[in-house]
K.L.:
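Please read through the structure below; I'll follow up with questions.
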Amino acid sequence: MCIIIDKVTSKLFNLNMEYRKDITGIRAIAIIGIVLFHLNINFFQGAIIGIDIFFVLSGYLITTVILNKENNFNIYLFWINRVRRLFPLLIFVIFTTIPFAIYMLIPLHLKNYSQSLFTTPIFLSNVLFWLESGYWDLPSQMKPLLHTWSVAIEGQFYFLFPLIFLIRKRKKILVIIFLIWLLSLLIALFHDSEFIIIQTDKFLSLADHFMPFGRWWELLTGSFVAFVLRNRNSFKLQYDSFFSILGLGLIFFSIFFFNNKHILPGPLSIIPVTGTALLILYSVEKNFVYKFLNLKLLNHLGEISYSLYLWHFPILVFTKYTVNQNLTSINKLSIILLTYFIS
């Protein structure tokens, strides 16, 4: 059932745009990293940057969809298609978690969970989690729907971003996108600076892990990539082998050398975001990186990446409740296999 939903929504997502197997491979790297990160697997302590990769990819894909319909862009149809993409599996996962939550969660955790049940379908769970506690706090890591914060940010982006294109004038659109990109980047870079005296105020922590303000530049970086590829003839994209290898290297460097002591979003976010942008721009059929990203296993996992993402965290959390948070290697392997087979 789940794989049918995911394949159908994937086709809707790629409607009216060229299908790129290399991007599916990038999605696979991101989701593999995220799952292993949440399982606290050694050497994958920086794999949380898989979220940053997904944001860049989403910005690129969504902008490409809009540009392909630029002359007759229908914002209402666009919103409907985004709901079709995100909603079926999201709702299915939410309802599946309910009986397990009722059976396993203590009253306080069950109360918090019930609040997330209402905010997740309307793409506001990130705001709820932001108000409750920090991402790295232990109570947060025991919330079955915590991972939907990133889905909420994407949902908010899908709703607001297309409004820019109602202007219909390319230059003004690009100026507005650039200004938003710059403001968001500055928030991500300097929100934790010692010069920001008010940074401890909860309601002024604009670049908190859960909030979109320090993330929009990542999505809009993907958007700029879409504009560049849309006007490929105006840009001389040379040395594709070098830059595609550099892009892949930046991503792997981030995965293996970052850890949860690094503040993300923040200055270091530039590394995986740049790497993802380079991969989208310079991965072409003739080079090594494209062939690597086109491996059957990566393409298979990339095709079900949304399903893998939605399922892995509730399974992880409920397993933690079962074993009192003491996950063994067998537990971790079981979580991986169960997540894969359900997805």
Side-chain angles (χ1 to χ4, degrees), residues 20-38 41-61 63-64 150 153 181-182 184-190 192 207 209 214-229 235-295 297-299 301-302 305 309:
R20 290 182 52 175
K21 291 184 177 180
D22 56 327
I23 288 183
T24 305
I26 300 172
R27 289 169 61 135
I29 292 174
I31 191 58
I32 291 171
I34 290 170
V35 172
L36 296 180
F37 169 82
H38 283 144
I41 303 295
N42 289 335
F43 306 113
F44 287 88
Q45 297 304 305
I48 188 64
I49 59 95
I51 296 295
D52 305 84
I53 295 173
F54 276 129
F55 284 155
V56 177
L57 292 178
S58 292
Y60 163 72
L61 293 169
T63 304
T64 301
S150 64
I153 288 180
W181 176 87
L182 181 61
S184 175
L185 177 61
L186 291 174
I187 290 173
L189 291 179
F190 298 111
D192 197 57
H209 189 93
R215 299 285 187 178
W216 268 60
W217 73 274
E218 299 177 349
L219 290 147
L220 294 179
T221 296
S223 181
F224 283 128
V225 170
F227 277 103
V228 171
L229 292 180
F235 298 88
K236 295 182 179 180
L237 299 177
Q238 300 178 340
Y239 310 108
D240 53 86
S241 293
F242 170 78
F243 283 112
S244 60
I245 292 174
L246 176 61
L248 191 62
L250 290 175
I251 288 175
F252 282 136
F253 173 82
S254 304
I255 289 173
F256 297 128
F257 291 97
F258 286 9
N259 57 56
N260 58 13
K261 294 180 181 179
H262 295 119
I263 299 173
L264 299 173
L268 288 179
S269 302
I270 293 174
I271 297 176
V273 169
T274 300
T276 308
L278 289 175
L279 278 182
I280 302 172
L281 284 169
Y282 290 98
S283 175
V284 294
E285 291 190 20
K286 65 180 181 180
N287 64 33
F288 162 78
V289 169
Y290 181 91
K291 293 177 181 178
F292 169 72
L293 295 173
N294 195 29
L295 291 174
L297 177 60
L298 289 182
N299 265 258
L301 295 177
S305 58
Y309 182 76

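FYI, side chains are in, hydrogens and waters are out, and symmetry mates aren't considered; it's all heavy atoms of this structure. We're numbering straight along the sequence, starting at 1.
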K.L.:
Dump the intermediate steps for side-chain contact (heavy atoms from CB on, under 4.5 Å) on F257 and F252, then the final yes or no.
P.N.:
CA-CA 8 Å; F257 291 97; F252 282 136; over 6 Å; no

K.L.:
Could you tell me which non-hydrogen atom of G247 sits nearest to which non-hydrogen atom of L278, and how far apart they are?
P.N.:
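That would be CA-CB, 3.9 Å.
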
K.L.:
Determine, step by step, whether S223 and W181 satisfy the side-chain contact (heavy atoms from CB on, under 4.5 Å) criterion, reporting the C-alpha distance in whole Å, the side-chain angles of both residues, the deciding distance to 0.1 Å, and the verdict.
P.N.:
CA-CA 10 Å; S223 181; W181 176 87; over 6 Å; no

K.L.:
Please check if the side chain of N299 supplies one atom and the backbone of L293 the other of a donor-acceptor pair under 3.5 Å.
P.N.:
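Yes.
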
K.L.:
By side chain to side chain contact (heavy atoms under 4.5 Å, CB included), which residues pair with N259, not counting sequence neighbours?
P.N.:
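Only Q45, K261, H262 meet the side chain to side chain contact (heavy atoms under 4.5 Å, CB included) criterion with N259.
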
K.L.:
Please give me the minimum heavy-atom distance between L279 and D22, naming the atom from each residue.
P.N.:
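Taking L279 first and D22 second, the nearest heavy atoms are O-OD2, 4.5 Å.
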
K.L.:
Using the rule given for side-chain contact (heavy atoms from CB on, under 4.5 Å), can you reason through L281 versus L229, listing the C-alpha separation, both sets of side-chain angles and the distance that settles it, and then say yes or no?
P.N.:
CA-CA 7 Å; L281 284 169; L229 292 180; 3.8 Å; yes

K.L.:
Sorted by first residue and then second, give each salt bridge (charged side-chain N to carboxylate O under 4.0 Å, His left out) pair with at least one member in residues 41-53; sequence neighbours left out.
P.N.:
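Only D52-R215 qualify under salt bridge (charged side-chain N to carboxylate O under 4.0 Å, His left out).
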
K.L.:
Mind checking the CD1-CD1 spacing from I49 to I34? Nearest 0.5 Å is all I need.
P.N.:
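Nearest 0.5 Å value for the CD1-CD1 distance: 8.5 Å.
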
K.L.:
Within the side chain of S269, is there an N or O that forms a donor-acceptor pair under 3.5 Å with the backbone of G266?
P.N.:
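Yes: the side chain of S269 pairs with the backbone of G266.
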
K.L.:
State the CZ-CG distance between F224 and L219, to the nearest 0.5 angstrom.
P.N.:
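So the gap between those two atoms works out to 12.0 Å.
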
K.L.:
Between atom CD1 of I23 and atom OG1 of T64, what is the distance when rounded to the nearest 0.5 Å?
P.N.:
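If we round to the nearest 0.5 Å, I23:CD1 and T64:OG1 are 7.5 Å apart.
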
K.L.:
State the CD1-NE2 distance between I48 and H38, to the nearest 0.5 angstrom.
P.N.:
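With rounding to 0.5 Å, CD1 (I48) is 4.5 Å from NE2 (H38).
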
K.L.:
Search all heavy atoms of E218 against all heavy atoms of F55 and return the closest pair with its distance.
P.N.:
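Taking every non-hydrogen atom into account, OE1-CD1, 3.2 Å.
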
K.L.:
Step by step, would you call I32 with L298 a side-chain contact (heavy atoms from CB on, under 4.5 Å)?
P.N.:
CA-CA 9 Å; I32 291 171; L298 289 182; 4.2 Å; yes

K.L.:
About how many Å separate CG of D240 and CG of N287, when rounded to the nearest 0.5 Å?
P.N.:
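The CG atom of D240 is 5.0 Å from CG of N287, to the nearest 0.5 Å.
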
K.L.:
Could you report the tightest heavy-atom contact between A277 and V56, atom names first, then the distance?
P.N.:
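Residues A277 and V56, closest heavy atoms: N-CG1, 4.3 Å.
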
K.L.:
Contact between N294 and E285 at the side-chain level, heavy atoms closer than 4.5 Å - yes or no?
P.N.:
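Sidechains of E285 and N294: no contact.
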
K.L.:
Ring centroid separation for F44 and F256, is it under 6.0 angstrom?
P.N.:
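Judged by ring-centre distance (under 6.0 Å), F44 and F256 do meet the cut-off.
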
K.L.:
Please check this pair: side chain of T63 against backbone of Y60, looking for a donor-acceptor N/O pair closer than 3.5 Å.
P.N.:
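No, T63 side chain to Y60 backbone: no donor-acceptor pair under 3.5 Å.
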
K.L.:
Of all the heavy-atom pairs spanning P272 and I251, show the shortest one and how long it is.
P.N.:
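Between these two residues, the closest heavy atoms are O-CG1, 4.2 Å.
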
K.L.:
Where is the tightest heavy-atom contact between W217 and S184, given as atom of each residue plus distance?
P.N.:
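Scanning both residues, the minimum pair turns out to be N-OG, 2.9 Å.
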
K.L.:
Among I29, I53, I271, exactly one meets side chain to side chain contact (heavy atoms under 4.5 Å, CB included) together with T276. Which residue is that?
P.N.:
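Going through I29, I53, I271 one by one, the side chain to side chain contact (heavy atoms under 4.5 Å, CB included) with T276 is satisfied by I53 alone.
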
K.L.:
How many angstroms lie between CG in L250 and CD1 in I255, if you round to the nearest 0.5 Å?
P.N.:
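Reported value, rounded in 0.5 Å steps: 11.5 Å.
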
